[in-house]
Each structure stands twice: as structure tokens, then as C-alpha cells.
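Chain letters run A, B, ... following the sequence lines, proteins first and then strands; every chain starts at 1.
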Amino acid sequence: DAGVIQSPRHEVTEMGQEVTLRCKPISGHDYLFWYRQTMMRGLELLIYFNNNVPIDDSGMPEDRFSAKMPNASFSTLKIQPSEPRDSAVYFCASSPSQASPLHFGNGTRLTVT
Amino acid sequence: AQTVTQSQPEMSVQEAETVTLSCTYDTSENNYYLFWYKQPPSRQMILVIRQEAYKQQNATENRFSVNFQKAAKSFSLKISDSQLGDTAMYFCAFMKQGTSWGKLQFGAGTQVVVTP
């Protein structure tokens with residue numbers, strides 16, 4: 001079991017650029033989550049999917065953020081255009097069912113200059 | 001809304017000693033889960049232990065155990081026989097059952113430093 005795989009590990013970009021973060025969940029896990037971690041706000045849920053369908057996106061900060069899950073083994077979180085306040089660590093997590101805990105990836109550290 | 005409070009920003013413990021991290025939460029829910037996650041310098045969030053609110057028995061995972069007091073809304077973590085590899089940020093987290101499942105509410109974290 002390779003765990004949840006996120007790429008890239010680090011991303012540095014300039015304000016106004018588009019950023020795409022990628023996630024491969026653990027095989028067989030039907031739930032996928034995107035979390036953001038900042039010093040000011042701690043860990044926050046952005047969005048989660050069940051069987052590739054977005055269930056709760058109430059945590060997505062604004063329209064500049066979008067997430068997709070085209071199939072069971074891949075998800076993206078896109079920020080367009082990026083802003084310095086988007087700088088954070090973005091985590092992807094997956095879970096096989098509602099009764100199971102979340103398994104997190106190693107996160108992507110995003111820096112927007 | 002649920003809130004999770006970790007009142008200890010940092011704890012230091014010597015190898016082989018025991019340390020207890022405190023966590024309190026506020027909720028009107030009756031059915032929920034509580035978790036402790038560990039975040040070492042590698043940044044990965046690693047599940048340490050999990051407790052279902054309907055279970056009275058405290059969860060235990062090797063050197064890690066919890067003291068779950070539902071009425072007091074308290075969920076402390078005890079690390080026994082501390083090891084250098086236990087150095088990490090520890091987060092307490094709350095999750096409702098049913099709707100809004102998956103929305104982990106995290107505390108601010110406690111940095112644990114294990115010294116030789």
C-alpha cells in the first residue's frame with residue numbers, strides 16, 4: 001500500500017499564475033478530502049468527494065479554487081489566479097468508508113510570491 | 001459548531017518518561033469520533049489513535065492511550081515510554097457521525113519534544 005500520493009511536494013509560483021495540485025488516493029478508498037493547513041487557521045476542510053462526486057465544498061474559500069475527481073484514482077485542486085494568501089500546505093486524504101479514519105498524504109507546500 | 005481546544009502549545013519529556021496531552025471539545029452531538037493525529041517534521045499527518053463516543057472503554061494503541069471523559073468533553077492522550085521518534089506536533093480532532101462526516105475539526109496542536 002503506497003498510501004495517499006500527492007504532487008508536487010513543493011510549489012513556488014508568482015501571484016496570478018494558475019496552480020494545480022494532484023492527489024492519488026489509496027486504492028479502494030471511496031472518499032477523498034482536500035484540507036489546507038496554515039499557521040493562522042490550522043487545518044481546514046476545503047472539499048470532499050464520495051465515489052468521485054463532490055459532497056461538501058462549503059470550505060472552498062472562493063471561486064478561484066476548484067477541485068475535480070475525474071476517476072477513482074485521481075483528483076486535482078486548482079487555484080486560478082493564485083494569491084499570496086493562498087500560501088499554505090495542502091493535504092489530500094482518503095478513507096474507505098464513513099466508519100474509518102482518514103489517511104493523509106504528505107502534503108504540498110504552496111508558496112505564492 | 002464544534003470547537004476543539006488544546007491548551008498546551010508545547011510539552012517536553014525525557015526519553016522513557018510519560019507525557020499527557022490535554023484536549024477538550026465542545027459539541028451538542030451525541031454520536032461522534034475523536035482522534036489524535038501526529039505530524040512529525042516530515043509533515044505527514046499520521047493517525048495515532050481513534051475513539052468512538054459510544055464506547056466507554058478507552059482506546060489503546062501500544063504506547064499510546066487515551067482518557068475519554070464524555071461528560072466532561074475531555075480526550076487526553078498519554079504517551080508512555082516516550083521515544084525520540086515521538087517528537088512531533090500532535091493534533092486532537094473531532095468528527096461528527098452522519099452528515100458532515102469527513103469534516104475533521106482540529107485543535108491548534110501541541111508540540112511534543114522528546115529529549116535524550
Exercise. After noting the C-alpha distance and the side-chain angles of Arg109(A) and Glu11(A), does the key distance pass the salt bridge (Lys or Arg N to Asp or Glu O under 4.0 Å) rule?
Worked result: CA-CA 6 Å; Arg109(A) 179 176 294 282; Glu11(A) 177 78 41; over 6 Å; no
For this session: Test Leu110(A) against Ser87(A) for side-chain contact (heavy atoms from CB on, under 4.5 Å), laying out the working first.
Result: CA-CA 5 Å; Leu110(A) 173 65; Ser87(A) 296; 5.5 Å; no
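With sequence neighbours left out, the salt bridge (Lys or Arg N to Asp or Glu O under 4.0 Å) criterion links Glu44(A) to Arg36(A), Arg41(A).
Chain A is approached within less than 4.5 Å, heavy atom to heavy atom, by Phe91(B) from residues 60-91 of chain B, ordered by number.
Under the 6.0 Å cut-off for aromatic ring centres, Phe104(A) and Tyr35(A) qualify, their centroids lying closer than that. Aromatic pair Phe49(A)/Phe33(A): ring centres not closer than 6.0 Å.
For the pair Leu104(B)/Leu43(A), no side-chain contact is recorded, criterion being any heavy-atom separation below 4.5 Å from C-beta on.
At a 4.5 Å heavy-atom cutoff, the contact between Arg43(B) and chain A is made by backbone and side-chain atoms alike. Proximity to chain A is limited to the side chain of Gln39(B), based on heavy atoms less than 4.5 angstrom apart.
Side-chain atoms of Gln8(B) and Ser22(B) form a donor-acceptor pair, as typed in the model, at a separation below 3.5 Å.
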